[in-house]
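The structure under discussion appears below in the form of structure tokens.
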Amino acid sequence: MSAVRDALADRAAFVGGLALLAAVLLAFLVADIPGSDLVTVGAMERALQAATPIALAGIGGLYAEKSGVFNIGLEGFMIFGALFGAVAAWTVSGGDAVGQADLWVGVLAATLVCGLLAALFAVLLIRYEADQIVAGLAVWFVGLGFGPFISTIVWGGVSSPSLPNIDNVAVPVLSEVPIAGRLFFDASPLVLFTVLLAVGAWVVLFRTRYGYWVQAAGENPEALDTAGVDVNRVRYATLVFSGLAAGLGGAVLSIGIGSGFTGTGVTMVDGRGWIAIVAYLFGNYNPLGTYGASLLFGAMDMLQIQLQTAGISLPGSITGLFPYVAVLVVLVAVGYTRVPAAVGEPYAKED
Amino acid sequence: MLRASVLERIAIAIVSTTLALVIGAGIVALSGYDAVEFVYSLVYGAVGELSNVAFTLRQSTMLILAGVAVAVAFRAGVLNIGVQGQFVVGGFAATLAILFLAPLLPGNALVGVALMIVAGGAAVAAGGAYAALPGLMKAYADANEVITTIMLNFIASGVVYFLLDAYLRPPGAAAPNTEAFPDYVDLPGFAFGSPSFSVIGFAIALLTVAVVYVYMTQTGSGYDLVTSGYQEPAAKYSGVDPNRMIVRTMTLSGMIAGLAGALFAVMILGYYSDPNTFPTFGFDAIAVSLLAANNPLGVIPAGLLFGGLDAGGQYIGFTLDVPSELVDGVIGLIVLFVAAPELFRAAGRYTGLGGDDG
């Protein structure tokens with residue numbers, strides 16, 4: 001039964017993807033945009049960069065939801081990641097001349113702090129059976145408030161001063177490979193790390209015993225319990241992982257690829273945590289699919305630069321909306337087809 | 001969504017708010033500020049002077065309206081996180097109606113009243129239509145409304161900003177603001193003497209609450225709405241189409257959000273501006289509604305409380321060094337605590353103060 005359902009869901013995602021692609025191609029034909037100006041190595045490089053934070057948060061969220069907990073607080077964790085990455089790097093450097101080592105400390109600190117926050121969040125969701133949607137929204141609100149608040153305390157304004165970002169690293173030999181060399185091996189190490197994480201997450205989820213535990217915790221917690229595995233322990237682990245990954249994603253935005261924390265409006269995370277949720281839905285709960293979907297949203301995000309080089313000038317306020325529109329198109333095309341059976345239900349052991 | 005008795009809900013609301021405020025004050029103290037002065041200023045800023053009370057009521061008016069919009073949807077089992085976007089679109093529709101019709105008509109008080117009624121109608125229609133979109137997406141394409149409505153918030157702000165910036169900004173103006181509305185398009189202030197608060201606005205919010213309450217508890221249509229959210233099989237059995245209920249719920253919720261937008265444009269701004277700079281009434285309203293256990297009547301005290309917090313927080317932002325964003329964080333904490341009633345039951349069992357029903 002479930003194999004049939006999986007196949008149907010896969011097909012739905014596939015048809016949805018095709019529909020989106022067809023829509024984009026049609027738009028190109030209608031607007032008479034030369035495709036060769038749009039798909040360049042530079043464009044792919046920017047898309048990979050833009051996809052990285054989305055993919056990180058998406059893979060984390062995927063693990064949490066696979067194990068039966070919907071972490072809808074990803075956006076909030078990303079805000080904290082972006083903030084604490086910048087705060088830690090700035091503090092460690094002593095306030096001026098932030099160096100590469102300081103930035104790496106920032107990345108690490110952001111990841112760990114968000115892991116810790118996610119652990120607290122997990123206690124609220126698992127131990128105290130909080131409503132997952134409402135509590136996840138609350139994490140966003142807490143981030144929207146405390147993000148700019150802490151920034152004001154540290155820097156006297158809702159945004160940080162301009163900070164440097166992590167240097168590209170050229171891997172010897174591999175960076176000489178045409179196209180792929182420039183995209184992955186002479187790029188931000190965080191871009192490469194995220195690709196490896198996606199592959200690793202796929203292997204763990206679908207090829208290891210622990211991955212089967214994660215899946216069982218979301219599909220059939222009773223059976224997992226009967227097999228002697230602590231369901232809630234698995235869920236704690238995946239939630240903490242989702243916090244670590246989202247925190248890293250946030251740090252990538254502020255100091256990994258970007259140049260400091262911006263706390264105006266809905267902060268610099270700007271909906272990427274929400275897009276990450278759609279990325280793993282679109283990727284049908286497959287880490288590699290999630291990465292692919294993130295790449296699509298990343299490309300949408302960077303489309304403006306391509307349109308400009310192709311001589312098409314649309315105002316930034318409109319092209320900035322492409323990722324959100326893409327999310328809607330994807331959601332309508334894919335729907336909510338294959339949610340793990342036990343998502344949203346707290347698991348209490350029968351004593 | 002959250003199972004608890006009425007008394008328990010009230011207790012949870014009070015404890016959540018107190019706990020969040022205590023944590024807020026603790027953070028203030030940790031950041032090296034005076035926590036006592038913080039709390040004093042919060043209260044003084046909310047109710048210390050008549051002008052502060054007017055500001056509180058002005059914020060409460062918006063939060064009550066937006067809160068009812070959220071509550072209508074949540075009550076019926078639909079999570080409308082898009083009230084902010086529907087509020088922006090509604091206010092924009094009201095602005096368009098006023099700016100396009102005013103030059104065609106004579107300028108007197110009667111025309112002003114008529115214009116405001118037309119603007120309100122336009123806002124209600126626009127807000128309802130904008131909310132129907134995610135309703136349709138949820139009902140017929142199974143798209144999660146939490147995510148679609150959040151995306152539509154971003155899209156509303158972006159598109160309205162674009163239209164404002166490109167077409168409605170008066171020539172030579174630096175800021176992306178429309179022209180000011182004519183003087184006669186304004187609600188009178190009466191006793192409070194504040195140009196941006198009107199007792200009529202507050203009355204409109206209360207009236208909306210009353211209408212929604214009567215609709216949901218006294219009419220068959222409202223009853224169908226609530227049962228289809230909570231007992232879909234039962235609703236189906238009695239011949240109610242749950243998909244149509246979802247769309248109807250969202251539309252109703254968006255209509256109220258649109259009305260809030262019209263009131264914001266007419267009563268508070270008197271022109272229209274970049275929606276990215278607007279207060280986040282639509283998000284705070286989620287906290288208002290949750291604190292009220294999604295009960296339309298409960299939204300009134302919850303809206304007054306958050307209005308006071310908001311006014312107090314802004315006062316703190318002007319007078320102390322403490323950044324006013326803190327209050328937004330405190331509101332987030334309140335929501336977090338409200339989401340976990342089990343936390344308080346456990347605390348109650350632990351301290352022996354009750355909660356022994358678990």
Side-chain angles (χ1 to χ4, degrees), chain A residues 72 75-76 121 123-125 127-153 156-158 263-266 270-271 274-275 277-278 281 315-318 320-321 323-328 330-337 339 346, chain B residues 1-2 27 31-33 74 79 81 133-134 136-138 140-144 146-148 150-155 157-159 161-163 165-166 276-277 280 283-284 286-287 290 321-346:
Chain A
I72 205 169
E75 176 92 5
F121 181 56
V123 171
L124 212 57
L125 292 192
R127 170 94 171 72
Y128 295 110
E129 300 176 7
D131 185 286
Q132 296 181 358
I133 306 265
V134 175
L137 278 170
V139 172
W140 183 33
F141 296 152
V142 171
L144 279 178
F146 283 122
F149 171 75
I150 295 170
S151 172
T152 311
I153 288 185
V158 292
T264 51
V266 284
D270 210 10
W274 302 106
I275 294 176
I277 293 171
V278 178
L281 294 179
S317 50
I318 292 301
L321 301 178
Y324 309 130
V325 176
V327 162
L328 290 181
V330 164
L331 268 186
V332 168
V334 176
Y336 221 164
T337 40
V339 187
Chain B
M1 177 167 40
L2 307 169
I27 290 172
S31 331
Y33 300 103
F74 277 35
L79 301 170
I81 316 300
L133 272 176
L136 289 167
M137 289 182 195
K138 179 182 169 68
Y140 299 105
D142 207 14
N144 183 316
V146 172
I147 297 168
T148 52
I150 288 172
M151 294 299 119
L152 286 165
N153 286 340
F154 286 113
I155 293 169
S157 290
V159 170
Y161 171 80
F162 166 72
L163 294 174
D165 190 45
N276 296 298
T277 64
T280 51
F283 294 134
D284 297 345
I286 296 167
L290 288 172
D321 282 345
V322 182
S324 60
E325 284 85 8
L326 176 66
V327 172
D328 297 332
V330 168
I331 288 175
L333 286 177
I334 295 176
V335 179
L336 197 60
F337 295 138
V338 168
E342 203 51 45
L343 185 68
F344 298 110
R345 288 200 195 107

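Here is the naming used below: chain letters follow the sequence lines, and residue numbers restart at 1 for every chain.
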*Could you have a look at B:Val335, B:Leu336, B:Thr148, B:Leu326 and say which one has the most heavy-atom pairs with chain A under 4.5 angstrom?*
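Highest number of heavy-atom pairs under 4.5 Å: B:Leu326.
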
_Tell me which of these, B:Phe154, B:Phe162, B:Tyr140, B:Tyr33, has more heavy-atom pairs under 4.5 Å with chain A than the rest._
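Winner by heavy-atom pair count: B:Phe154.
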
Check each atom of [X] against the heavy atoms of chain A and say whether the ones under 4.5 Å are side chain, backbone, both or neither.
X: B:Ile331; answer: neither
X: B:Leu133; answer: neither
X: B:Phe283; answer: both
X: B:Val327; answer: neither
X: B:Ile286; answer: side chain
X: B:Ile81; answer: side chain
X: B:Val159; answer: both

*Go through the steps to decide whether A:Phe146 and B:Leu333 satisfy the test side chain to side chain contact (heavy atoms under 4.5 Å, CB included), and finish with yes or no.*
CA-CA 10 Å; A:Phe146 283 122; B:Leu333 286 177; 4.0 Å; yes

*Nearest heavy-atom neighbours spanning A:Pro148 and B:Glu325*: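 Heavy-atom minimum between the residues: CB-CG, 3.7 Å.
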
*Check A:Ala130 against B:Ala340 and note the closest heavy-atom contact, atom names and distance.*
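In terms of heavy atoms, the two residues are closest at CB-CB, 3.5 Å.
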
_Top contributor to chain B interface from A:Ile72, A:Ile318, A:Ile153 [non-hydrogen pairs under 4.5 Å]_ =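 If we count pairs closer than 4.5 Å to chain B, A:Ile318 comes out on top.
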
*Is there a side-chain contact between A:Val142 and A:Phe121, using heavy atoms and a 4.5 Å cut-off?*
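A:Val142 does not reach A:Phe121 side chain to side chain.
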
*Identify which part of A:Val123 has an atom lying under 4.5 Å from any heavy atom of chain B, answering side chain, backbone, both or neither.*
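Contact with chain B involves no heavy atom of A:Val123 at all.
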
*Part of A:Leu137 within contact of chain B (heavy atom distance under 4.5 Å)*: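 Answer is side chain: those atoms of A:Leu137 sit under 4.5 Å from chain B.
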
_Please report the interatomic distance CG(A:Leu321) to CE(B:Met151), rounded to the nearest 0.5 Å._
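Spacing of CG (A:Leu321) from CE (B:Met151) equals 11.0 Å.
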
_Just to verify, what does B:Asp165 make a side-chain hydrogen bond (donor to acceptor under 3.5 Å, both in side chains) with, not counting sequence neighbours?_
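With neighbours one apart ignored, the set is B:Arg169.
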
*Got a sec, which residues hit side-chain contact (heavy atoms from CB on, under 4.5 Å) with A:Ser151, two or more places apart in sequence or on another chain?*
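Here the qualifying residues are A:Leu83, A:Trp155, A:Phe261.
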
*Run the side chain to side chain contact (heavy atoms under 4.5 Å, CB included) check on B:Phe337 and B:Phe344 step by step: do they pass?*
CA-CA 9 Å; B:Phe337 295 138; B:Phe344 298 110; 3.8 Å; yes

